[in-house]
Amino acid sequence: MTTATGRSRPARLPHDALGPLRDRERVAERLLESSARHSFDPDAELDWDAPPEDGKWYWPPELLSLYGTPLWRRMPEEQRRDLARHEAAALASLGIWFEIILIQLLARHIYDKPLTSAHVRYALTEIADECRHSKMFARMIEKGGAPAYPVSGLHHALGRVAKTIATTPGIFAMTLLGEEILDYMQRLTFPDERVQTLVRGVTRIHVIEEARHVRYAREELRRQMVTAPRWEAALTRVSSGEAARVFAFAFVNPAVYTNVGLDRREAVAQVRASGHRREVMQAGAKRLTDFLDEIGVLRGTGRRLWRSSGLLA
């Protein structure tokens, strides 16, 4: 089509509620440049031989699941610090589980993409990052002396199903769900001088490198929600809501309470009733839920599922 002057009209860029979508290749090229400047080798970057520091926490107390509950008020200080050590191990275990799923989702995403594109090269870079992160988390668990905390058999099976059948936009919705809440907690952890230096170093590396992963996933989810067929967008809304329910439930492993000498049923009940815990989780998810709401993911049944997860106020 031409104008009255005979000039061709420029193609209109795809856009959503946030504005025009950015060029996929340019986004990837910038992320690759950032990766070249700000990537870390945790084995060399962190002092793994340093002994634990007496009197320091393994996780900020305000971020612990039982903080502020009647049970917390009855716990001696030593038991509270032990809870922090075990919850840090449980969160690291959850992170490894999720990152192994993410590695497979990213590999699926790029399977039929142009092999030499910057988009694919960045996905491979992110996969390498996630491999390092998983090894770093595993080493942190061992260093802290707490056991690893695998997710429940049910959640393990659900993860296997999700990584097999997830829609393409669903891949990036799940990516953001797993990354942004942990990122919120880690941003509060790495500058906190009450926390073990090793844990602060682990969370600092993860925050810096995950910022690129979040950018990549957000840009791609926007693109997918604009271009996906209606059925795929609708399925993504429901599947992301169900994933939010699973993730919120799996965020603390109940075995932690048994291992620090607490009654598991009482602890779980108090966590579920805790207004402080609900506020922490919703604060951690708010940046994500605001974004998902703006691009049309939080609609209908999906929104109701997100609300039932406790992550959406």
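Any value given below was found using the heavy atoms of this structure, including those in side chains, with hydrogens, waters and symmetry copies removed.
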Quiz prompt | Ion pair check, Glu29 and Arg121, cut-off under 4.0 Å | solution = no

Quiz item: Taking atom OG1 of Thr203 and atom CE of Met185, what is their separation to the nearest 0.5 Å?
Solution: 12.5 Å

Quiz item: Partners of Pro114 by side-chain contact (heavy atoms from CB on, under 4.5 Å), sequence neighbours excluded?
Solution: Ser117

Exercise. List for me each residue that meets ring pair (Phe, Tyr, Trp, His ring centres under 6.0 Å) alongside Tyr58, sequence neighbours excluded, and say none if there are none.
Key: none

Exercise. Count the heavy atoms belonging to other residues, nucleotides or ligands that lie under 6.0 Å from NZ of Lys286, then report whether that count exceeds 12.
Key: no

Practice problem: Look at the side chain of Gln270 and the backbone N and O of Leu71, then say whether any donor-acceptor pair between them is shorter than 3.5 Å. | Solution: yes

Self-check item: Audit row: Arg223, Glu219, salt bridge (Lys or Arg N to Asp or Glu O under 4.0 Å) steps and yes/no
Solution: CA-CA 6 Å; Arg223 183 179 307 280; Glu219 293 292 335; 5.7 Å; no

Exercise. Would you mind listing every side-chain hydrogen bond (donor to acceptor under 3.5 Å, both in side chains) that reaches into residues 167-177, with sequence neighbours excluded?
Key: Thr167-Thr236

Quiz item: Would Leu154 and Phe251 show up in the same hydrophobic cluster when neighbours are defined by side-chain heavy atoms closer than 4.5 Å?
Solution: no

Quiz item: Out of curiosity, Ile181 CD1 to Leu311 CG, how far, rounded to the nearest 0.5 Å?
Solution: 4.5 Å

Practice problem: Hey, could you give me the CD1/CZ distance between Ile295 and Phe291, rounded to the nearest 0.5 Å? | Solution: 4.0 Å

Practice problem: Calculate, to the nearest 0.5 Å, the distance between atoms OG and CD1 belonging to Ser134 and Ile103 respectively. | Solution: 5.0 Å

Quiz item: Quick one: ring pair (Phe, Tyr, Trp, His ring centres under 6.0 Å) partners of His133, sequence neighbours excluded?
Solution: His206, His213

Self-check item: Euclidean distance, Leu31 CG relative to Glu126 CD, rounded to 0.5 Å
Solution: 9.0 Å

Quiz item: Any ion pair linking Asp183 and Arg287 (charged N to carboxylate O, less than 4.0 Å)?
Solution: no

Practice problem: Check ring pair (Phe, Tyr, Trp, His ring centres under 6.0 Å) between Tyr216 and all other residues, then give those that pass, not counting sequence neighbours. | Solution: His119, Tyr122

Practice problem: Under the ring pair (Phe, Tyr, Trp, His ring centres under 6.0 Å) rule, collect the residues that match up with His276, sequence neighbours excluded. | Solution: Tyr67

Exercise. Could you note down all residue pairs passing side-chain hydrogen bond (donor to acceptor under 3.5 Å, both in side chains) where residues 242-262 supplies at least one of them, sequence neighbours left out?
Key: Ser65-Tyr257, Tyr149-Asn259, Glu242-Arg245, Arg245-Ser308, Thr258-Arg264

Quiz item: Quick one: do Glu266 and Arg74 make a salt bridge, cutoff under 4.0 Å?
Solution: yes

Quiz item: Does one hydrophobic cluster hold both Phe249 and Phe247, with members joined at side-chain heavy-atom distances below 4.5 Å?
Solution: no

Quiz item: Is it true that a side-chain atom of Ser309 and a backbone atom of Trp306 form a donor plus acceptor pair closer than 3.5 Å?
Solution: yes

Quiz item: Looking at residues at least two apart in the chain, or sitting in another chain, which of them share a side-chain contact (heavy atoms from CB on, under 4.5 Å) with Glu78?
Solution: none

Practice problem: Check whether more than 12 heavy atoms from other residues, nucleotides or ligands sit under 6.0 Å from atom CZ of Arg24, and answer yes or no. | Solution: yes

Could you list the donor-acceptor pairs under 3.5 angstrom formed by side chains in residues 137-148, with sequence neighbours left out?
residue	atom	partner	partner atom	Å
Arg139	NH1	Asp43	OD1	2.9
Lys143	NZ	Trp48	O	2.7
Lys143	NZ	Ala50	O	3.4

Practice problem: Mark yes or no for whether Arg108, through its side chain, and Ala166, through its backbone, hold a donor-acceptor pair below 3.5 Å. | Solution: yes

Quiz prompt | Working for salt bridge (Lys or Arg N to Asp or Glu O under 4.0 Å), residues Arg194 and Glu62 | solution = CA-CA 12 Å; Arg194 299 173 299 171; Glu62 298 82 4; 2.9 Å; yes

Quiz item: Distance from Ser240 atom OG to Arg303 atom CZ, nearest 0.5 Å?
Solution: 11.5 Å

Quiz item: Around atom NZ of Lys135, are there more than 12 heavy atoms of other residues, nucleotides or ligands at under 6.0 Å?
Solution: no

Quiz item: How about Ser34 and Arg37: does a side-chain donor come under 3.5 Å of a side-chain acceptor?
Solution: no

Quiz item: Looking at Glu179 and Arg218, does any basic side-chain N land under 4.0 Å from a carboxylate oxygen?
Solution: no

Quiz item: Under 4.5 Å between side-chain heavy atoms, hopping through other hydrophobics if needed: is there a path connecting Phe190 to Leu188?
Solution: no

Quiz item: For Arg80, which residues count as a side-chain contact (heavy atoms from CB on, under 4.5 Å) partner, sequence neighbours excluded?
Solution: Trp57, Trp72, Met75, Glu77

Quiz item: If only atom types and distance count, is the side chain of Glu180 paired as donor or acceptor with the main-chain N or O of Ala285 below 3.5 Å?
Solution: no

Exercise. Show which residues join Trp231 in its hydrophobic cluster (side-chain heavy-atom contacts under 4.5 Å, direct or indirect), or state none.
Key: Leu235

Quiz item: Backbone N or O of Leu63 within a donor-acceptor pair of the Arg277 side chain at under 3.5 Å?
Solution: yes

Practice problem: Applying side-chain contact (heavy atoms from CB on, under 4.5 Å), name anything that partners Thr197, two or more places apart in sequence or on another chain. | Solution: Glu53, Lys56

